[in-house]
J.: 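Handing you this structure, nothing more for now.
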2 protein chains.
Amino acid sequence: MAALDSLTRLTERMRSATLFAGLPDAEVQRIAAAAHLKQMPAGEYFFLQGDPAERIYLLVEGRLKLSQSAADGQQALLRVIGAGSLFGAVALAQAKEYPVSAQAAADSQAVYWTPLELMEFVKKSPELAINAMKVMAEHVQEFQDRYLQLATERVERRLARTLLRLAAQTGKKTDAGVLIDLPLTRQDLAEMSGTTLFSVSRILNQWEEQGLVAVGRTKVVVVFPHGLVRIAEDLPVKKE
Amino acid sequence: MAALDSLTRLTERMRSATLFAGLPDAEVQRIAAAAHLKQMPAGEYFFLQGDPAERIYLLVEGRLKLSQSAADGQQALLRVIGAGSLFGAVALAQAKEYPVSAQAAADSQAVYWTPLELMEFVKKSPELAINAMKVMAEHVQEFQDRYLQLATERVERRLARTLLRLAAQTGKKTDAGVLIDLPLTRQDLAEMSGTTLFSVSRILNQWEEQGLVAVGRTKVVVVFPHGLVRIAEDLPVKKE
DNA sequence: CGCTACGTTGACGTCCCTCAATTTCGGTGG
DNA sequence: CCACCGAAATTGAGGGACGTCAACGTAGCG
């Protein structure tokens, strides 16, 4: 029954993904049945930047870091994703190589299809293609936005945005505030915000003094989100 | 016969666009026949950021600037495109609004379809969907790259890349070097590189002294591309 | 209990943004 | 054709944000 359980759980996850939105249940189940399973312990990689792009993945359990590195080793942490998210979707667009690396931030399991397998389903269900375009269009927009921000905003603001985004994505309500449920080093936050770990450290401590956040080693709790929003929106920080 | 001429010219343009690659000629012609024409004098806009996204355009003649602006008026010039390029493709992904503004940099003409019209063709030709995904995947990658560059590189390098990209895209060979065939102010170049017009001015003049470029008002000629490449790659600039 | 990765803090430098004052260019109309 | 105007561009001074580097804590893990 384990197999059956996992299959029903899979179709559930799939239904929550934009890619499969609006598809008839029967079709989703057929696609689920064609999926392959892949487990990955924390710290290891589903694929590395430059690997041949021969699989489209859906994360079923765990957390992933998607990062890109330049020739000189400089890195950017582009996104962090949780269960229900697609990754490696470029393979569907017949890209030759993955443009990013996908590292498991926690023990994770994902299912995957080859481009050929998914393509069969695309031919039967054009919605699938539309949905894939939606996913990609969202990404284009997200990066255009972040590009603009990086070009025009200062570090504080970008870091505030990063934390708010993370809180929204992976936030876990606790009595102390919203915990970002993912071990993130200062370096990680720096790579997500386009700055250095030193600046992140200074700013976070400053915010802690102001009661906006509570920080620990690889841990951040957003205590007073509205304060961060004010910083992100570049409004004067309210005092009372 | 003007109509016939323009139709054959249109199908030619379409064939050079990734979106229609690999489609049977007959199908391309059917799609061409369904296109609507739109002329735009230099300086005016095909659409503004925030306008409802109800058309997918193909530029047939002229040049376009695609730019995005933040709430506070800060701008980024995301891309400059020439004939044969698609724009407003997000409409295909059923986005509600255009995320950028599209301004004619020269007198331009474009054809367009509504999402509904193109969708009909998508249903018949899944290749069209695949191609659309390819186009979008390319954009995602481009912006991921540029994001990384903006985050990790200094102004000189970014400006060098911008010029090289422009020279490759819109370059026109002259005996003095490669002319960037498009009136671009220092401000425009600044917005494309994520810096200020002052920095652009200083750097360009410095490069002119070194014989790398020749600059004029709203005009840049790349005289010694290899020198710019060295800067873009962060190698020491060769002297002889 | 010591090693290692993570984090903090200070000093310092510099890149590049900001702002203001001019100059140059190109077009337009008298 | 020249004078004039506005947009584009230059140049300099000044300062501030933030990156760089070094030295030092500190927490967690084997």
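Computed from a predicted model, the values in this text were never measured in an experiment. Labels below follow one simple rule: chain letters A, B, ... track the order of the sequence lines, proteins then strands, and each chain is numbered from 1.
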J.: Strictly below 4.0 Å: does A:T195 bring a side-chain N or O up to OP1 or OP2 of D:dC18?
T.: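 Answer is no, no contact under 4.0 Å.
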J.: Return the CG to OG1 distance between A:L92 and A:T114, rounded to the nearest 0.5 Å.
T.: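 Taking CG in A:L92 and OG1 in A:T114, the distance rounds to 10.5 Å.
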J.: May I ask you to decide if A:A232's main-chain N or O and A:R157's side chain share a donor-acceptor pair within less than 3.5 Å?
T.: yes
J.: Could you tell me how far apart B:E209 (CD) and D:dT11 (P) are, to the nearest whole angstrom?
T.: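 In whole Å, D:dT11 P lies 8 Å from B:E209 CD.
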J.: Please figure out whether B:G194 or A:S201 has its closest DNA chain C nucleotide nearer the 5' end.
T.: A:S201
J.: Rounded to whole Å, how long is the line connecting atom CG of B:L197 with atom P of C:dA20?
T.: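 Nearest whole value for this atom pair: 14 Å.
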J.: Side-chain N or O of A:S199 versus OP1/OP2 of D:dG19: is the shortest distance under 4.0 Å?
T.: yes
J.: Write down the protein N/O and nucleotide N/O pairs, taken from nucleotides 4-7 of chain D, whose separation is under 3.5 Å; answer none if there are no such pairs.
T.:
from: D:dA7; atom 1: N3; to: B:R217; atom 2: NH2; distance (Å): 3.4

J.: Distance check, rounded to the nearest 0.5 Å: B:L86 atom CG versus B:L58 atom CG?
T.: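 Taking CG in B:L86 and CG in B:L58, the distance rounds to 6.0 Å.
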J.: Would you tell me if any nitrogen or oxygen in the side chain of A:R186 comes within less than 4.0 Å of OP1 or OP2 on C:dC6?
T.: no
J.: Taking atom P of D:dT10 as reference, at what distance in whole Å does atom NZ of B:K219 sit?
T.: 13 Å
J.: Do B:N205 side-chain atoms and B:S201 backbone N/O form a donor-acceptor pair below 3.5 Å?
T.: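 Such a contact is found between B:N205 side chain and B:S201 backbone.
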J.: How close or far is atom P of D:dT11 from atom CD of B:E208, stated in whole angstroms?
T.: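 Spelled out: CD on B:E208 to P on D:dT11 is 10 Å.
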J.: Give each protein N/O atom lying under 3.5 Å from an N/O atom of nucleotides 22-24 of chain D, with the pair distance.
T.:
none

J.: Closest approach to the side chain of B:R202, judged atom by atom: which nucleotide of D:dT10, D:dG19, D:dT11 is it?
T.: D:dT11
J.: Not counting sequence neighbours, list each pair that qualifies as a salt bridge (charged side-chain N to carboxylate O under 4.0 Å, His left out) and has a residue in residues 201-224 of chain A.
T.: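 Of all non-adjacent pairs touching residues 201-224 of chain A, none passes salt bridge (charged side-chain N to carboxylate O under 4.0 Å, His left out).
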J.: Under the side-chain hydrogen bond (donor to acceptor under 3.5 Å, both in side chains) rule, what do A:R55 and A:H36 come out as? Steps first, then yes or no, please.
T.: CA-CA 10 Å; A:R55 298 172 174 179; A:H36 314 276; over 6 Å; no
J.: Would you find a donor on one side and an acceptor on the other, under 3.5 Å apart, between the side chain of B:R146 and the backbone of B:L78?
T.: yes
J.: To the nearest 0.5 Å, what is the distance between CZ on A:R158 and CG on A:L150?
T.: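 These two atoms lie 5.0 Å from each other.
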J.: Between B:T162 and B:S193, does the side-chain hydrogen bond (donor to acceptor under 3.5 Å, both in side chains) criterion hold? Intermediate values first, please.
T.: CA-CA 6 Å; B:T162 300; B:S193 312; 3.0 Å; yes
J.: Ring centres under 6.0 Å, that's the criterion: do A:Y112 and A:Y57 meet it?
T.: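 Ring centroids of A:Y112 and A:Y57 are less than 6.0 Å from each other.
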J.: What's the verdict on side chain to side chain contact (heavy atoms under 4.5 Å, CB included) for A:D145 and A:E142, showing C-alpha distance, side-chain angles and the deciding distance?
T.: CA-CA 5 Å; A:D145 285 349; A:E142 181 183 334; 5.8 Å; no
J.: Taking five pairs at each end, how big is the angle between the two axes of the helix from C:dC1-D:dG30 to C:dG30-D:dC1, to 10°?
T.: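 Overall, the helix from C:dC1-D:dG30 to C:dG30-D:dC1 bends by 40° from one end axis to the other.
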J.: Please determine whether a side-chain nitrogen or oxygen atom of B:N205 lies at a distance below 4.0 Å from atom OP1 or OP2 of D:dA9.
T.: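 For B:N205, the contact criterion (side-chain N or O under 4.0 Å from OP1 or OP2 of D:dA9) is not met.
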J.: Looking at B:I81, is its backbone amide N or carbonyl O close enough to the side chain of B:S85 to form a donor-acceptor pair, meaning the two atoms are under 3.5 Å apart?
T.: no
J.: Looking at DNA chain C, which of residues 144-164 of chain B put a heavy atom within less than 4.0 Å of it?
T.: B:R154, B:V155
J.: Identify which one of A:L159, A:L212, A:L163 satisfies the side chain to side chain contact (heavy atoms under 4.5 Å, CB included) criterion when paired with A:I231.
T.: A:L212
J.: What residues, two or more places apart in sequence or in another chain, satisfy salt bridge (Lys or Arg N to Asp or Glu O under 4.0 Å) together with A:E44?
T.: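 Once residues adjacent in sequence are excluded, A:E44 has no partner under the salt bridge (Lys or Arg N to Asp or Glu O under 4.0 Å) criterion.
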J.: Whole angstroms only, please: what is the CD-C1' distance between B:Q206 and D:dT11?
T.: 14 Å
